[in-house]
Amino acid sequence: MARPRVLSGIQPTADSFHLGNYLGAVRQWVTLQETHDAFYCVVDLHAITVPTEPDALRRRSRVAAAQLFAAGLDPERSTVFVQSHVREHTELAWVLICLTGMGEAARMTQFKDKSAKFGESAASVGLFTYPILQAADILLYQADRVPVGADQKQHLELTRDLGQRFNHRFGDTFTLPEPYILKEVEKITDLQDPSAKMSKSSSSPAGILDVLEQPGPLRKKVMRAVTDTGSEVLFDEENKPGISNLLRIQSALTGTAIPDLVNRYEGQGYGTFKKDVAEAVVEAFTPIRERTEKLLSDETELDRMLAVGARRASEVARQTMEMVRDRVGFLPLA
Ligand code: AQP
């Protein structure tokens, strides 16, 4: 029997992924390649929905791809590619845009949050249609599952709605995907503001732990993470959001259940606990940083690996788009 298919993407919007991207998404991607037919892309078309400098985009796209391989994606088992290399993403997005209501798109909270930064009238139409391009990314590959953090739940619902609408109007074409969200790591929060998600674009440097950061700054940031009043290491999202976030991180990185961590640090205060969290972060990130640096030292080879991924992805995307063109009523090219 064919393996279920998984697809996910990550934006090349910074010079490093952060701990939220890693725990909420990339680490799951690595696990899922064992049991799924896996497609993972660096979504550079999404990155240009906010102003982007061309050289930075090129650099960050390679850095993103290198981190994916360095984190454990195996090019033999996973199809890793850059979104703009597969033209069908934008083509399908257009068809889906024409099926989306204005009100439906306007309800997407990520647009509201991100456009608030520029002022709604200065935000691009691309930012407004971002979730529809994301729906195209997923439906194009007939994905069964999409591993993401909690922030993407609403976009996944839109993807299912659009897939269903297309199927209903034009005949069965798309697989309807299920989100794959690990509750324990669905939202890693900012170290300085535990009410906000850790984010490439909105966290302050002190609030974010970058995968490619050196051990020194990583340790410092964990030690300076906002903690809550009191001195006991307890999991209490409401009254101790800072410590609870660190417990979630420590549990995910060491595989130790949160109640066991709470027992271990009983009576020890925040200092010892934070030191151990810092070590767990350094231990997880150091090998990924070293492998990323190695991959980036040979751009020709990295670009070749991405070209292999793009060819495999294009094969699937082309088949889906052929079906879509025919069903929508576009004339075949004679
Ligand atoms: N804090 C987080 N906790 C858990 N999962 C997270 N993800 C992002 N932040 C957290 C998940 O990482 C994947 C890739 O994210 P993305 O780069 O496509 O964009 P994003 O969700 O918008 O992440 P950022 O860091 O906030 O990026 P910018 O600032 O560029 O928009 C997704 O699966 C996401 O859920």
Side-chain angles (χ1 to χ4, degrees), residues 6-32 39-53 56-57 60-61 63-65 67-68 71 73 80 82-83 89 108-118 123-124 126-127 130-131 133-135 137-138 143 145-157 159 177-205 207-212 225 241 244-246 248-249 251-253 281:
V6 70
L7 176 128
S8 200
I10 191 155
Q11 296 190 80
T13 38
D15 288 313
S16 172
F17 296 154
H18 57 70
L19 183 65
N21 299 139
Y22 177 65
L23 290 179
V26 176
R27 204 167 71 152
Q28 265 84 266
W29 299 9
V30 176
T31 310
L32 287 167
F39 286 75
Y40 301 121
C41 55
V42 174
V43 291
D44 53 349
L45 298 170
H46 284 277
I48 64 162
T49 56
V50 296
T52 308
E53 210 269 304
L57 182 62
R60 289 171 170 180
S61 295
V63 171
Q67 285 174 99
L68 293 180
L73 289 185
V80 179
V82 174
Q83 184 189 27
H89 287 253
M108 296 296 120
T109 54
Q110 183 173 297
F111 172 74
K112 289 185 196 160
D113 295 346
K114 289 201 173 177
S115 62
K117 246 188 261 169
F118 310 103
S124 72
L127 188 62
Y130 181 115
L133 176 59
Q134 191 175 336
D137 301 338
I138 298 164
R145 254 157 245 161
V146 184
V148 284
D151 57 334
Q152 297 299 328
K153 238 185 244 173
Q154 196 188 31
H155 292 173
L156 254 292
E157 276 158 29
T159 302
E178 299 285 345
Y180 178 91
I181 299 177
L182 284 192
K183 195 92 201 94
E184 303 78 29
V185 285
E186 64 173 12
K187 185 181 173 190
I188 300 299
T189 61
D190 185 303
L191 297 187
Q192 292 300 316
D193 176 7
S195 67
K197 77 162 188 163
M198 189 178 283
S199 155
K200 295 193 222 84
S201 56
S202 47
S203 289
S204 68
I208 191 168
L209 294 171
D210 279 335
V211 173
L212 301 183
S244 301
N245 190 39
L246 293 178
R248 237 182 281 122
I249 292 169
S251 169
L253 290 177
V281 171

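Only this structure's heavy atoms are used, side chains among them; waters, hydrogens and symmetry mates stay out. Counting convention: from 1, in listed order, for ligands and their atoms alike.
Residue H18 touches ligand 1 through its side chain alone, judged by heavy-atom distances below 4.0 Å. Both the backbone and the side chain of S199 come within contact range of ligand 1, each with a heavy atom under 4.0 Å. Here V185 has backbone heavy atoms under 4.0 Å from ligand 1, and that is the only part of it that gets that close. If you look at I188 next to ligand 1, the close heavy atoms, those under 4.0 Å, come from the backbone and the side chain alike. The part of D151 lying near ligand 1 is the side chain, judged by heavy-atom distances below 4.0 Å. At a heavy-atom distance under 4.0 Å, only backbone atoms of K187 (N, CA, C or O) approach ligand 1.
Of the listed residues (Q154, K153, K114, H155), just one forms a side chain to side chain donor-acceptor pair (under 3.5 Å) with T109, and that residue is Q154.
Partners of H46 under the ring pair (Phe, Tyr, Trp, His ring centres under 6.0 Å) rule, at least two apart in sequence or in another chain, are Y130.
Of the protein's non-hydrogen atoms, N21 ND2, 3.5 Å is the one closest to atom 15 (O) of ligand 1.
The contact set between ligand 1 and T13, taken as ligand atoms under 4.0 Å from a residue heavy atom, comprises 30 (O). The E186 neighbourhood of ligand 1 comprises atoms 3 (N), 4 (C), 5 (N), with distances under 4.0 Å to a heavy atom of that residue. Listed by atom number, the atoms of ligand 1 under 4.0 Å from K197 heavy atoms are 1 (N), 8 (C), 9 (N), 20 (P), 21 (O), 22 (O), 23 (O), 24 (P), 26 (O). Annotation for ligand 1: atoms under 4.0 Å from non-hydrogen atoms of Q152 are 21 (O), 35 (O). Of all atoms in ligand 1, numbered sequentially from 1 with element shown, those under 4.0 Å from a heavy atom of G24 are 4 (C), 5 (N).
Nearest residue to atom 31 (O) of ligand 1 from Q110, K200, K114 is K114 (criterion: closest heavy atom). Comparing S201, A25, G149 by heavy-atom distance to atom 28 (P) of ligand 1, the nearest is S201.
Taking every heavy atom of both residues into account, L57 and P12 meet most closely at CD1-CG, 4.0 Å.
To the nearest 0.5 Å, atoms CE (M198) and CG (L23) are separated by 9.0 Å. Taken to the nearest 0.5 Å, the CD1 atom of I181 stands 10.0 Å off from the CD atom of Q28.
Within the structure, the salt bridge (charged side-chain N to carboxylate O under 4.0 Å, His left out) test picks out the following pairs touching residues 12-26 (sequence neighbours left out): D15-R59, D15-R60.
Considering backbone and side-chain N/O atoms, M198 comes within less than 3.5 Å of an N/O atom of ligand 1. Between Q11 and ligand 1, an N or O atom pair is found at a separation short of 3.5 Å. Note: no N/O pair closer than 3.5 Å links I10 and ligand 1 by distance alone.
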**OP:** Run the numbers on D210 and H18 for side chain to side chain donor-acceptor pair (under 3.5 Å), then give the verdict.
**Re:** CA-CA 4 Å; D210 279 335; H18 57 70; over 6 Å; no

**OP:** List the steps, then state whether side chain to side chain contact (heavy atoms under 4.5 Å, CB included) holds for L73 with W29.
**Re:** CA-CA 8 Å; L73 289 185; W29 299 9; 4.1 Å; yes

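With salt bridges taken as basic N to acidic carboxylate O contacts below 4.0 Å, one links K197 and D151.
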